[in-house]
Amino acid sequence: MDSIALAVQKLKGLAEGLVTGRESSSRRNPIEILKRLQRESFSDLMKLRDRQDKVERLFSFYKSSKGNPFQESSTVLRGEVDFLGAVLLMSRVDEEHWGGIGRAGIKTGVDSRFRFETAVGDKGSVGIEFVANQKRVASNDGDVLETPLSLSKLFYKANAANGFSAIAIPIGAQVKDLDVASDYSLQEEKGLTDLSLGPPMLHQQTGGAIGVTVGMSNVIASLAQSISGIRNGHCLSTFGQVVCLLPLGLKLSLLGLHRGPKLAGHNIHLGAFSIPVGFSRPFGDAGSRVEASAPPLTPNIPEFGSIALKLDSEFDEYKRLSGWIEMKQANPEHLEWAVNFSDSSEDGYGWGTSLGGILEGPGNWGHFQVESYVKFNPSKRFSLKPGVAYVVDGNTQTLALVLRSNWSI
């Protein structure tokens, strides 16, 4: 019996050793290892997928509700500091030469501009802009330069569906803010003079303005009304524009600005947001006495306006060719025009060339100027533009060596 029991134990041990060896060999098999890891990773992935579904349901719930804690409105700060210096070479320094320099748009000095813009809702934005310009102030120690920071603009933009948008500028409106054919950001590409900035009508101050824009497939139309208050008077202006999008990336714009007469009164001091409302009939004798003591508003400046035609073409992201011509309502033979070709590349260097002038009548070139510059970019937000401008104004000729630098944030 002992020998039989001993033989059974040996057989049992041999069987257990075979099973253990097979299991250990299967564990050391790479295919078995991969299968085991796949089963474990699949379990972990299912747990992560369940958590992701819960987070997505939470986000969808808050997006559908009005009080969305995840919806934030960010404020964007944009600013630039622009410097322009020039060496003027002229035969003599007199008022006639200085007048030609002024008409050429060579404005030296340092200008700073800062804008805060915040998104309102999904399709609106509100912004405020400050400027700091050098001003010469008289003092007991002589003239000194000051750079006061002042509020220059307050605006609200809203973009609705079907190509409809609106803009309201209660303070500091310019006609260029209502131009839908150009994106006048703070980092607009500037040449050496005002030739690169478009028709002169775009840079007129209009006080407060409100405008609407309607866009279709290839046509965009806009209409704006503005009011400017100057001490005792108010002036109403109307601006209209039609933009046609042509093939080959061409953009043709027809612009019109009409300014009515300024209404001025005696001993009347109205604020910027005062809107006078009158009645056609006086209320009895009291109205007659008021009418006799305070003369009614009367126009003292004639109305005027301008019409301009502008053509823009963009060859690529940086190269641009543009031209414009403007006619004054008071003198249709007075034409101002310019042609600009520039490469505003931010890498390496760029360049720009402009020519334009004023035509006083058939064959009468009252003013002509040409400029050219090279743009260097030491960094992404800093640029240097050395160049030369040649101005012919009447009987005067001026050669200007100009340096413009721009730093943006």
Side-chain angles (χ1 to χ4, degrees), residues 72-87 105-120 124-134 147 149-155 157 159 172 174 176-177 179-198 202-203 249 251 310 312-323 338-354 371-389 400-409:
E72 298 181 357
S73 58
S74 59
T75 301
V76 179
L77 170 63
R78 299 177 182 176
E80 71 169 5
V81 179
D82 187 75
F83 166 79
L84 180 66
V87 177
I106 302 178
K107 303 174 183 178
T108 59
V110 180
D111 292 332
S112 304
R113 192 176 301 268
F114 305 94
R115 174 182 294 182
F116 298 87
E117 189 167 352
T118 303
V120 178
S125 62
V126 62
I128 187 171
E129 185 176 293
F130 296 90
V131 296
N133 298 327
Q134 282 191 350
T147 309
L149 185 66
S150 59
L151 174 65
S152 63
K153 189 172 299 181
L154 177 64
F155 64 91
K157 298 178 182 178
N159 298 318
Q174 284 184 289
K176 71 176 184 179
D177 300 321
D179 181 17
V180 297
S182 300
D183 182 15
Y184 284 95
S185 61
L186 288 180
Q187 289 78 20
E188 60 186 352
E189 187 64 23
K190 298 179 181 178
L192 302 181
T193 65
D194 290 343
L195 289 181
S196 60
L197 301 181
L202 294 179
H203 306 282
K251 190 184 299 182
K310 186 172 60 167
D312 296 285
S313 176
E314 295 182 356
F315 296 96
D316 55 25
E317 186 178 359
Y318 301 110
K319 292 184 178 63
R320 178 189 176 194
L321 175 64
S322 64
V339 177
N340 306 283
F341 190 27
S342 63
D343 182 358
S344 59
S345 176
E346 297 179 355
D347 299 328
Y349 67 94
W351 51 270
T353 301
S354 302
E371 65 181 61
S372 183
Y373 65 87
V374 179
K375 177 185 176 184
F376 298 98
N377 302 296
S379 65
K380 186 176 181 180
R381 299 186 180 276
F382 180 73
S383 65
L384 290 172
K385 296 179 183 177
V388 59
L401 305 178
V402 185
L403 174 65
R404 179 184 290 274
S405 64
N406 183 271
W407 178 66
S408 60
I409 59 175

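Values in this document were obtained by computation on a predicted structure and should not be read as measured data.
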Pair Asn340, Ser354: side-chain N/O donor-acceptor within cut-off below 3.5 Å: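 Result is yes, a qualifying pair exists.
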To the nearest 0.5 Å, what is the distance between [atom1] on [X] and [atom2] on [Y]?
| X | Y | atom1 | atom2 | answer |
| --- | --- | --- | --- | --- |
| Leu192 | Leu401 | CG | CG | 10.5 Å |
| Lys251 | Ser322 | NZ | OG | 11.0 Å |
| Lys375 | Ser342 | NZ | OG | 9.0 Å |
| Leu77 | Thr118 | CG | OG1 | 10.5 Å |

Option among Arg381, Lys190, Arg115 that satisfies the salt bridge (Lys or Arg N to Asp or Glu O under 4.0 Å) test with Glu80: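 Between Glu80 and the candidates, salt bridge (Lys or Arg N to Asp or Glu O under 4.0 Å) is satisfied uniquely by Lys190.
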Checking the side chain of [X] only, and the main-chain atoms of [Y] only, is there a donor and an acceptor separated by less than 3.5 Å?
| X | Y | value |
| --- | --- | --- |
| His203 | Asp194 | no |
| Ser152 | Glu129 | yes |
| Asn377 | Ser345 | yes |

Closest heavy-atom contact between [X] and [Y]?
| X | Y | answer |
| --- | --- | --- |
| Phe341 | Arg320 | CD1-O, 3.2 Å |
| Ser125 | Glu117 | OG-OE2, 3.2 Å |
| Ile106 | Ala86 | CG2-CB, 4.3 Å |
| Ser372 | Thr353 | OG-OG1, 3.6 Å |
| Pro378 | Phe382 | CD-O, 3.4 Å |
| Leu195 | Glu371 | CD1-OE1, 4.2 Å |

Side-chain heavy atoms of [X] within contact of [Y], under 4.5 Å:
| X | Y | answer |
| --- | --- | --- |
| Trp407 | Ser112 | no |
| Asp179 | Lys310 | yes |
| Asp111 | Val131 | no |
| Lys153 | Asp177 | yes |

Flag the pair Asp82 and Arg113 as a salt bridge only when some basic side-chain nitrogen lies within less than 4.0 angstrom of an acidic carboxylate oxygen.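 The answer is no: the pair does not qualify as a salt bridge.
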Mind telling me whether Tyr349 and Phe376 have parallel, tilted or perpendicular rings, with 30° and 60° as the class edges?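 Plane angle between 30° and 60°, so tilted.
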